[in-house]
K.L.:
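My structure is below; once you've seen it, I'll send some questions.
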Number of protein chains: 2
Amino acid sequence: MPNYYDDLDLVLRALADPTRRAVVERLAKSPAVVSELAAPFSMSLPALMQHLRVLESAGLVTSHKHGRVRTVSLRPGALDVLHLWLGEQRTPAEHQADRLGIHLTRTIPEEP
Amino acid sequence: MPNYYDDLDLVLRALADPTRRAVVERLAKSPAVVSELAAPFSMSLPALMQHLRVLESAGLVTSHKHGRVRTVSLRPGALDVLHLWLGEQRTPAEHQADRLGIHLTRTIPEEP
DNA sequence: ATAATAGTTAGGCATGCGCTTAACTATTAT
DNA sequence: ATAATAGTTAAGCGCATGCCTAACTATTAT
């Protein structure tokens, strides 16, 4: 029985890889077939399949096989956990800015 | 000169670890000193230092040393890249739901 | 029936990652 | 001056991750 933190962990781990992120981005447009997803990458099919498995067991993606072709889709709301967590990690300064309707300007201080 | 994708990659990689996430969560409350950050974990100080270094080079965290004590803070807006990316990965269905003000109900279909 | 297509399984390899211990530096307290 | 505190550096170890090739299954096309 996976909880909030486990879900988040799976999602974040899944998204930590550029290939998998690219797949998610592709699927955000529309569902796609495995070979279609593999095409843009210079990587073997099995390698991409592994990425798909990671995405699927993170709950980011669903897939269904019709005949010999598997169609993969982005799971609506799959990224909600992340969105939720993100909302909680705002600094006090940002919360205050929210209340005031201010958009913070950030400067990245260089180490001296 | 790091671009959007590199930033995102660093941020997501950094957040893919539970320890680092816990540190971020702690720092969202208020800045803290290294030993203070290390305390909750059953892990050597050097191990935690490495995590801090990852967080820092992902731009999630800043730190300054006064005397022998280093204070670490969450960088305001550091999570913006992620928030931004997240916004782009909404499915067409979700976009439509947004327009209609509908909150989608999700069911996770089990594989037969 | 044969061949081509779409995906899958298995095994192996290199590299990265999270962690440890040991030894060291720099600052502050006694 | 000595000792305690706060953090740092370096080296090494084991396991996870991302990738590959080779061989295989199942479906569709000829």
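A, B, ... follow the sequence lines: proteins, then strands. Residue 1 opens every chain. Owing to the predicted nature of the structure, the values given are computational and were not obtained by experimental measurement.
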K.L.:
Name the residue from A/Thr71, A/Leu52, A/Val33, A/Val72 that meets the side chain to side chain contact (heavy atoms under 4.5 Å, CB included) definition with A/Ser63.
P.N.:
A/Val72
K.L.:
Nearest nucleotide by nearest heavy atom, which residue falls closer to the 5' end of DNA chain D, A/Val69 or B/Lys65?
P.N.:
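The residue mapped nearer the 5' terminus is B/Lys65.
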K.L.:
Provide, to the nearest angstrom, the distance between the CD atom belonging to B/Glu36 and the C1' atom belonging to D/dT5.
P.N.:
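Answer to the nearest Å: 15 Å.
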K.L.:
Less than 4.0 angstrom between a side-chain N/O of B/Arg13 and OP1 or OP2 of C/dG16, yes or no?
P.N.:
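It does not, given that no N or O in the side chain of B/Arg13 lies less than 4.0 Å from OP1 or OP2 of C/dG16.
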K.L.:
Can you find a side chain N or O atom of B/His51 that sits less than 4.0 Å from OP1 or OP2 on C/dC19?
P.N.:
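For B/His51, the contact criterion (side-chain N or O under 4.0 Å from OP1 or OP2 of C/dC19) is met.
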K.L.:
Output the rounded distance in Å from NE2 (A/His66) to P (C/dG7).
P.N.:
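The distance from NE2 of A/His66 to P of C/dG7 comes to 13 Å, rounded to the nearest Å.
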K.L.:
Between OG1 of A/Thr62 and CG of A/Leu55, what distance do you get to the nearest 0.5 Å?
P.N.:
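Atom-to-atom, A/Thr62:OG1 and A/Leu55:CG are 11.0 Å apart.
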K.L.:
B/Asp9 has an atom CG; how far is it from atom P of D/dG18, in whole Å?
P.N.:
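These atoms are roughly 11 Å apart.
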K.L.:
For a side-chain contact (heavy atoms from CB on, under 4.5 Å) check, start with the C-alpha distance between A/Asp7 and A/Trp85, then their side-chain angles and the critical distance, and finish with the verdict.
P.N.:
CA-CA 11 Å; A/Asp7 284 352; A/Trp85 183 82; over 6 Å; no
K.L.:
Donor-acceptor pair under 3.5 Å: do we get one between B/Gln50's side chain and the base of C/dC17?
P.N.:
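Check fails, no donor-acceptor contact within cut-off.
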K.L.:
If C/dT28 has a Watson-Crick or G-U wobble mate with both distances under 3.5 Å, name it; if not, just say none.
P.N.:
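Its partner is D/dA3.
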K.L.:
B/Arg53 has an atom CZ; how far is it from atom C1' of D/dA10, in whole Å?
P.N.:
11 Å
K.L.:
Of the candidate nucleotides D/dC20, C/dG7, C/dC19, which contains the atom at the shortest distance from the side chain of B/Met43?
P.N.:
C/dC19
K.L.:
For A/Glu56 and C/dG7, what is the distance between atoms CD and P respectively, to the nearest whole Å?
P.N.:
13 Å
K.L.:
As a quick check of understanding, evaluate side-chain contact (heavy atoms from CB on, under 4.5 Å) for B/His51 and B/Val23, giving each step before the final call.
P.N.:
CA-CA 9 Å; B/His51 286 303; B/Val23 168; 5.6 Å; no
K.L.:
C/dT28, D/dG7, C/dC19: which one has an atom nearest the side-chain heavy atoms of B/Ala47?
P.N.:
C/dC19
K.L.:
Please report, rounded to the nearest Å, how far the C1' atom of D/dG18 is from the CG atom of A/Leu45.
P.N.:
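Taking CG of A/Leu45 and C1' of D/dG18, I get 15 Å after rounding.
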K.L.:
Need one value for B/Val33: base, sugar-phosphate or nothing, where a base atom within 4.0 Å counts as base even if backbone is also close, heavy atoms only.
P.N.:
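Sugar-phosphate contact only.
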K.L.:
If you check every side-chain atom of B/Arg68, which of C/dT20, D/dC20, C/dT28 has the closest atom?
P.N.:
C/dT28
K.L.:
Rounding to an integer number of Å, can you tell me how far B/Leu48 CG sits from C/dC17 P?
P.N.:
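In whole Å, C/dC17 P and B/Leu48 CG are 17 Å from each other.
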K.L.:
Tell me the partner of C/dG11, counting only Watson-Crick (N1-N3 plus N6-O4 or O6-N4) or G-U wobble (N1-O2 and O6-N3) with both under 3.5 Å; none if nothing fits.
P.N.:
D/dC20
K.L.:
Checking base pairs now: Watson-Crick or wobble, both atom distances under 3.5 Å. What partners C/dC19?
P.N.:
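With both distances under 3.5 Å, C/dC19 matches D/dG12.
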K.L.:
Can you check side-chain contact (heavy atoms from CB on, under 4.5 Å) on B/Val34 and B/Val69, steps first, answer last?
P.N.:
CA-CA 7 Å; B/Val34 170; B/Val69 38; over 6 Å; no
K.L.:
So which one's nearest nucleotide on DNA chain D is more toward 5', A/Thr19 or A/Gly67?
P.N.:
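Final value for this comparison: A/Thr19.
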K.L.:
Where the side chain of A/Val34 is concerned, which of C/dG7, C/dC19, D/dG7 is the nearest nucleotide?
P.N.:
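The answer is C/dG7.
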K.L.:
What's the closest nucleotide to the A/Pro46 side chain, out of C/dC17, C/dA10, C/dA4?
P.N.:
C/dA10
K.L.:
According to a strict under-4.0 Å criterion, is B/Ser44 in side-chain N/O contact with OP1 or OP2 of C/dC19?
P.N.:
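Answer no for this pair, as no side-chain N or O of B/Ser44 is under 4.0 Å from OP1 or OP2.
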K.L.:
Main chain of B/Leu15, side chain of B/Arg21: is a donor-acceptor contact present, judged purely on distance under 3.5 Å?
P.N.:
yes
K.L.:
Quick one: A/Leu55 CG to D/dG18 C1', roughly how many Å, whole number?
P.N.:
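The distance from CG of A/Leu55 to C1' of D/dG18 comes to 14 Å, rounded to the nearest Å.
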